[in-house]
Amino acid sequence: MDIFRVCNGLKQIVDKYVKDARALIATQEQSEMVTALNLIDAALALSPRYEAALELKARTLLYLRRFKEVANMLQEYIPSYKMVSEELTTSSDNSSLQISRERVKLLSDNSSSTDSSDRESSFKCFSVSDLKKKVLAGLCKQCDKEGQWRYLVLGEACCYLGLMEDAMVLLQTGKRLSSAAFRRESICWSEDSFTLSDAALSNDMNNTTPPPSEAERVSQLLTHIKLLLRRRAAALAALNAGLYSEAIRHFSKIVDNRRGTPQGFLAECYVHRAAAYRAAGRIAESIADCNRTLALDPTCLPALSTRASLLETIRCLPDCLHDLEHLKLLYDSILRDRKLPGPSWKRQHIRYRDVPSSLRELACKIQALRERIKSGEIGNVDYYALIGLRRGCSRSELERAHLLLCLRHRPDKATLFIDRCEFVDDRDLDSVKDQARMSALMLYRLLQKGYTNVMNIIMDEEAAEKQRQKAAAAVALQAAAAATTAAIQVPTLETKVEEKLEPIVRIQDKCPVQSTDYAISCITLREKNSAMATTTATAASVFQGVFCRDIAVVGNLLSQVNFTRQIPVNYEALSC
């Protein structure tokens, strides 16, 4: 009797705590809700399995945006939590022990009390995992109204935590349970129960829009989740098929969405888009996406690994070594704590059993990188690959690529992506902004250094090209001057030879016999001079057109000043 009175008294106290908490929650004020949460904790301390108190606490935490606490409170209902726990169990335990846990005999092995047929049936085994799945499936089919709130509240919390697949399964299950419970209750209702309520009539009279119900909110949230999952599936399919520009376009639709995207899901999309940028050869954009991912999730192992490999590709070895050492610290913490970073329900990109082998490979890579740095292999950064240009590019190509990169990766625009992100906890906002600014500033300085280096190379090549052009022009000018001088001297030489030959011809006419030998020698000399003139004229044939043009200009100038006197010209020298 005394025990009954004590239990009844405890129940009254718990009910009072819950009633007072409901009244405080109805005010929808932050401080009052925190006080209500303390009252609910006091009620749960007296009755840990009180369903009304559990539901009220979960909904209060959801309203206060403390999604991690909701997930920790109801983590057994998260579909992926079971797979994560099984993975950790498999990696930490021996395979034989795991098989012995999974396979259980229904009856004891007692051959003396059973015959052969009964012995065969007693050795049949079943899987504990399969049994758990069947039990959970049976619980989901039961339309118990008391447990449906778990799926709806936990589904909303998982959505904001970035667990989109889990959120979709939970919300669909909760929606199905709610519909089944409503149908079951509507059978017992009378026709008078379906009349409009006074609240609905008052809303119609005041022409005010009532707040959306829980079913409407769940339907809108499910639509948004399905849209994000479809876009991510299309982007991953394009990435696996080698259509990198198409994958980048789909991922950009997710990260540039007007409606806010959860922090965890956004970080995952940035990692995949960084992989697409890397495959497309756009290293600067890939590094920028890795920076955004690490600002949202500093323990993201794929982002650190991708950025380290990108820095090694462009031979930026000190920064690559820094990322690899950070990655090694994370692997060491995983082995020390015997669990992956983050909460147990968080979806990871690696498996626990792969960590030791990855750690050994990472240690070897760090050692080799230190040897390269010690040997002086620094400062030889491939800025062409960083900017995305070919070697031997022009000045205009460099300026255009540099302008586009600066517009995209300016440090003052480094935090704009935060406006499209829904954070799990607003207290992390300042640290995310600081990390994003610092990493964006480092990338911007690297781009500026690359622009200066490549521009100096282009300016040196342009100066060398101008020097070669000047040398070639000087050589061509000298050859032109020499050819022009030779072309002017040829007619003068022929004129002098003919002047010397005229008296000889006159003497030959008067005294043909005595001067025959002398005339023959003069004619021979004249033929030699003619051959010499022909050779010189042939060598200067390139410049005859220039000479004729100059003569035409001279004639034009003489005609303008009314010069009418005749000028004797040797036409043999003017033949073109």
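Because only heavy atoms are used, hydrogens play no part in the values below, and waters and symmetry mates are left out as well, while side chains stay in.
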Practice prompt. Take Ile40 and Val18 through the test side chain to side chain contact (heavy atoms under 4.5 Å, CB included) and record every step on the way to the result.
Written response: CA-CA 6 Å; Ile40 295 171; Val18 172; 5.8 Å; no
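- Side-chain atoms of Arg307 and Asn291 include a donor-acceptor pair closer than 3.5 Å.
- Going from atom CG of Leu446 over to atom CG of Leu441 covers 11.5 Å, rounded to the nearest 0.5 Å.
- A salt bridge is defined here as a Lys NZ or Arg NE, NH1 or NH2 lying under 4.0 Å from an Asp or Glu carboxylate O, and Lys365 with Glu361 fails to meet this definition.
- Atom OH of Tyr17 has 12 or fewer neighbouring heavy atoms from other residues, nucleotides or ligands inside a 6.0 Å radius.
- Salt bridge Lys16/Asp20: present, at least one basic N to carboxylate O contact under 4.0 Å.
- Between Gly260 and His224, the shortest heavy-atom distance links the atoms O-NE2, 3.7 Å.
- Checked for salt-bridge contact, Glu268 and Arg232 meet the test: a charged N lies under 4.0 Å from a carboxylate O.
- Within the 4.5 Å cutoff, the side chain of Lys339 has no heavy atoms near those of the Ile334 side chain.
- In this structure, CD1 on Ile418 lies 7.0 Å from CG on Leu296, to the nearest 0.5 angstrom.
- Put simply, the side chain of Val271 reaches to within 4.5 Å of the side chain of Cys300, judged on heavy atoms.
- Ring geometry for Phe251 against His272 counts as parallel: the plane angle stays under 30°, on a 0 to 90° scale with 60° as the upper cut.
- Met33 and Leu64 make their closest contact through CB-CD2, 4.0 Å (heavy atoms, listed as atom of the first residue, atom of the second, distance).
- Between the side chain of Thr306 and the backbone N or O of Ala303 there is no donor-acceptor pair closer than 3.5 Å.
- By the 4.5 Å heavy-atom criterion applied to side chains, Gln263 and Glu422 are not counted as neighbours.
- Between Asp412 and Arg410 there is a salt bridge, with a side-chain nitrogen of the basic residue lying less than 4.0 Å from a carboxylate oxygen of the acidic one.
- A salt bridge links Arg249 with Glu246; the closest basic N to acidic carboxylate O contact falls under 4.0 Å.
- From Ile225, atom CD1 reaches atom SG of Cys159 across 3.5 Å, with rounding to the nearest 0.5 Å.
- Here the CG-OG1 distance, from Leu294 to Thr299, works out to 9.0 Å after rounding to the nearest 0.5 Å.
- In this structure, the side chains of Phe265 and Leu163 stay at 4.5 Å or more apart for every pair of heavy atoms.
- Of all heavy-atom pairs spanning Ala308 and Cys320, the tightest one is O-SG, 3.2 Å.
- One finds a salt bridge joining Arg292 and Asp289 here, because a Lys/Arg side-chain nitrogen approaches an Asp/Glu carboxylate oxygen to under 4.0 Å.
- Remark: Leu329 CG to Leu324 CG distance equals 11.0 Å, nearest 0.5 Å.
- Using modelled atom types, one finds a donor on one side chain and an acceptor on the other under 3.5 Å when comparing Tyr50 with Asp15.
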Worksheet item: Going through the checks in order, is the side chain to side chain contact (heavy atoms under 4.5 Å, CB included) test met by Val432 and Phe423?
Response: CA-CA 10 Å; Val432 171; Phe423 286 91; 3.9 Å; yes
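- In the model, Arg273 has no side-chain atom that pairs as donor or acceptor with a side-chain atom of Ser286 under 3.5 Å.
- In this structure, Glu69 does not pair ionically with Lys57, as no charged nitrogen and carboxylate oxygen lie closer than 4.0 Å.
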Discussion item. Run the side chain to side chain contact (heavy atoms under 4.5 Å, CB included) test on Tyr151 and Leu171 for me, step by step, so that the C-alpha distance in whole Å, both residues' side-chain angles and the decisive distance to 0.1 Å come before the verdict.
Written reply: CA-CA 6 Å; Tyr151 300 98; Leu171 290 176; over 6 Å; no
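- Contact record, Pro298 with His326: O-CE1, 4.1 Å, taken as the closest heavy-atom pair.
- By the 4.5 Å heavy-atom criterion applied to side chains, Arg278 and Ile287 are not counted as neighbours.
- Under a 3.5 Å cut-off, the side chain of Ser47 and the backbone N or O of Leu44 do not form any donor-acceptor pair.
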Worksheet entry | From CA spacing to verdict: side chain to side chain contact (heavy atoms under 4.5 Å, CB included), Val34, Thr60 | CA-CA 9 Å; Val34 174; Thr60 306; over 6 Å; no
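- The shortest side-chain heavy-atom distance between Cys269 and Arg231 does not fall under the 4.5 Å cut-off.
- Atom CG in Leu227 sits 9.5 Å away from atom NZ in Lys253 (nearest 0.5 Å).
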Practice prompt. Kindly determine whether Arg437 and Asp434 satisfy salt bridge (charged side-chain N to carboxylate O under 4.0 Å, His left out), including the steps that lead there.
Written response: CA-CA 5 Å; Arg437 289 195 193 98; Asp434 294 339; 3.4 Å; yes
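- Between the side chain of Ser358 and the main chain of Asp354, a donor-acceptor pair closer than 3.5 Å is present.
- The number of heavy-atom neighbours closer than 6.0 Å to OH of Tyr331, taken from other residues, nucleotides and ligands shown, is above 12.
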Practice prompt. Please assess Arg420 against Thr261 for the test side chain to side chain donor-acceptor pair (under 3.5 Å), listing each intermediate value before the final yes or no.
Written response: CA-CA 6 Å; Arg420 295 183 292 271; Thr261 307; over 6 Å; no
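- At distances below 3.5 Å, not a single donor-acceptor pair connects side-chain atoms of Asp297 with backbone N or O atoms of Thr293.
- In this structure, Glu55 does not pair ionically with Arg150, as no charged nitrogen and carboxylate oxygen lie closer than 4.0 Å.
- In this structure, the side chains of Leu359 and Lys328 come closer than 4.5 Å at one or more pairs of heavy atoms.
- Between Ala21 and Leu39 the shortest heavy-atom distance is N-CD1, 4.1 Å.
- Looking at heavy atoms from C-beta onward, Asn257 lies in side-chain contact with Leu228 at the 4.5 angstrom threshold.
- Scanning all heavy atoms of the two residues, the minimum distance from Gln220 to Arg259 falls at O-NH1, 4.1 Å.
- Ring geometry for Tyr270 versus Phe417: interplanar angle over 60°, hence perpendicular rather than tilted (30 to 60°).
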